[in-house]
Amino acid sequence: MGNFTAVIIDFETTGLSPNMGDRTIEVGAVLIDNNRIVDKFQSLMNPGMRISTFIEEYTGITNKMLSTAAPVKDVMKNLARFIHQHHLVAHNASFDCKFLDAELARISHKRKNDFACSLLSARRIYQDAPNHKLETLVRYKNIKTDGTYHRALADAEMTAHLWLRMMADIKSEYGLKNVTFQLMQQLGKVPKKKVGEFLKKNGA
DNA sequence: TGCCAGGCCCTCTTTAGGGCCTT
């Protein structure tokens with residue numbers, strides 16, 4: 001393993017809030033090491049409830065597909081092994097973090113991994129982008145895709161490429177030798193007008 | 001019955017409101 005590894009993760013869910021009873025229905029995750037994807041994890045999961053027509057149409061995941069999928073708790077055990085002790089990244093991490101924590105709690109696991117957010121980083125690095133949706137940013141940076149959106153592994157892979165691209169872009173723009181997870185994480189909290197100042201001061 | 005996410009971030013701001021993101 002190189003000195004920079006992270007797992008980029010994405011969930012498809014029955015809705016927006018685990019506090020309102022929503023569950024995860026698919027997870028996709030990729031391990032990045034030395035600026036490339038070196039491992040992948042994907043699974044549908046049966047949430048034990050029917051999903052809405054909106055979610056079927058939004059994701060392409062149907063109730064029929066989920067009827068034969070493994071229970072959420074079984075997938076979560078495997079997911080916990082995959083993410084291990086790696087740093088975690090997601091696009092709008094607060095969303096994926098709350099679902100991950102809620103599902104891990106159901107199997108009496110507790111997340112110890114740090115989370116970073118590609119949405120917060122992108123809002124600072126690409127301030128001229130039309131907007132900061134994952135799909136828009138992928139097109140804005142000409143990141144290759146197979147045209148699949150709103151499926152967990154496809155979105156995790158696109159987020160990983162976006163994340164690597166953001167690190168490369170601030171490296172070249174500010175002449176940085178090394179961009180750490182912690183720097184990217186902290187960047188997400190820096191006031192937008194102070195991004196240049198922050199990177200010049202903290203980037204080694 | 002009717003309610004219903006929540007964190008970030010900007011601004012006509014902080015005794016608030018609303019758009020952006022995620023499904």
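These figures come from a predicted structure and were not determined experimentally.
- When each of A/M20 and A/T59 is assigned the nucleotide of DNA chain B with its nearest heavy atom, A/M20 is the one assigned upstream, toward the 5' end.
- Within residues 114-135 of chain A, the residues having any heavy atom under 4.0 Å from DNA chain B are, by residue number, A/L120, A/R123, A/R124, A/N131, A/H132, A/K133, A/L134.
- Counted by atom type alone, A/T5 and A/H86 present one or more donor-acceptor pairs between their side chains at under 3.5 Å.
- Using a 4.0 Å cutoff to heavy atoms of chain A, the contacted part of DNA chain B runs 5' to 3' from B/dC4 to B/dT23.
- One side chain, A/D146 or A/T148, offers a donor N or O that lies under 3.5 Å from an acceptor on the other.
- Of the C1' atoms belonging to B/dC9 and B/dC4, the separation is 24 Å, rounded to the nearest Å.
- A distance of about 14 Å separates the P atoms of B/dT13 and B/dG18, rounded to the whole Å.
- At a cut-off of 3.5 Å, with distance as the only test, no side-chain donor of A/N113 or A/Q85 sits close to an acceptor on the other residue.
- Taking 4.0 Å as the cut-off between side-chain N and carboxylate O, A/D10 and A/R151 do not count as a salt-bridged pair.
- Counting non-hydrogen atoms under 4.0 angstrom, A/F99 reaches nothing in the nucleic acid.
- Toward the 5' end of DNA chain B, the nearer of the two residues A/S17 and A/T13, judged by each one's closest nucleotide, is A/S17.
- When hydrophobic clusters are built by joining Ile, Leu, Val, Met, Phe, Trp and Tyr residues whose side-chain heavy atoms come closer than 4.5 Å, directly or via intermediates, A/Y149 is not grouped with A/I55.
- Going from the C1' atom of B/dG19 to that of B/dC12 covers 15 Å, rounded to whole Å.
- Residues A/T159 and A/H91 bring no donor and acceptor atom of their side chains to less than 3.5 Å of each other.
- Residues of residues 91-98 of chain A that place a heavy atom closer than 4.0 Å to DNA chain B, in numerical order, are A/H91, A/N92, A/F95, A/K98.
- In the model, A/T136 has a side-chain atom that pairs as donor or acceptor with a side-chain atom of A/N131 under 3.5 Å.
- Ring geometry for A/Y126 versus A/Y140: interplanar angle over 60°, hence perpendicular rather than tilted (30 to 60°).
- When the C1' atom is compared between B/dG7 and B/dT23, the two are found 16 Å apart, to the nearest whole Å.
- Annotation: proximity of residues 181-194 of chain A to DNA chain B (heavy atom, distance under 4.0 Å) is found for A/G188, A/K192, numbered in ascending order.
- Side-chain contact between A/M76 and A/H109 is absent, with no heavy atoms from C-beta onward closer than 4.5 Å.
- Using bins of under 30°, 30° to 60° and over 60° for the plane-to-plane angle, the ring pair A/F95/A/F99 lands in the tilted bin.
- Residues from residues 137-169 of chain A lying near DNA chain B, meaning a heavy-atom separation below 4.0 Å, are A/H150, A/D155 in numerical order.
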Distance-only donor-acceptor pairs under 3.5 Å for side chains of residues 194-201 of chain A, two or more places apart:
none

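- Comparing B/dC3 with B/dT22, their C1' atoms are spaced 23 Å from each other, to the whole Å.
- Side chain to side chain, A/T14 and A/D22 meet the donor-acceptor criterion of an N or O pair below 3.5 Å.
- As rounded to the nearest Å, B/dG6 and B/dG2 have P atoms that lie 22 Å from one another.
- The C1' atoms of B/dC20 and B/dT15 are separated by 25 Å, rounded to the nearest whole Å.
- Looking at A/K73 and A/E103, no side-chain N of the basic residue comes within less than 4.0 Å of a carboxylate O on the acidic one, giving no salt bridge.
- Taking atom P on both nucleotides, B/dC8 is separated from B/dT1 by 36 Å, rounded to a whole Å.
- For A/E12 against A/D155, the heavy-atom pair with the smallest separation is OE2-OD2, 3.9 Å.
- Under a hydrophobic-cluster definition in which Ile, Leu, Val, Met, Phe, Trp and Tyr are linked whenever side-chain heavy atoms come within less than 4.5 Å, directly or via other members, A/L153 and A/I143 are assigned to the same cluster.
- Pairing each heavy atom of A/I61 with each of A/I51, the nearest pair is O-CD1, 3.3 Å.
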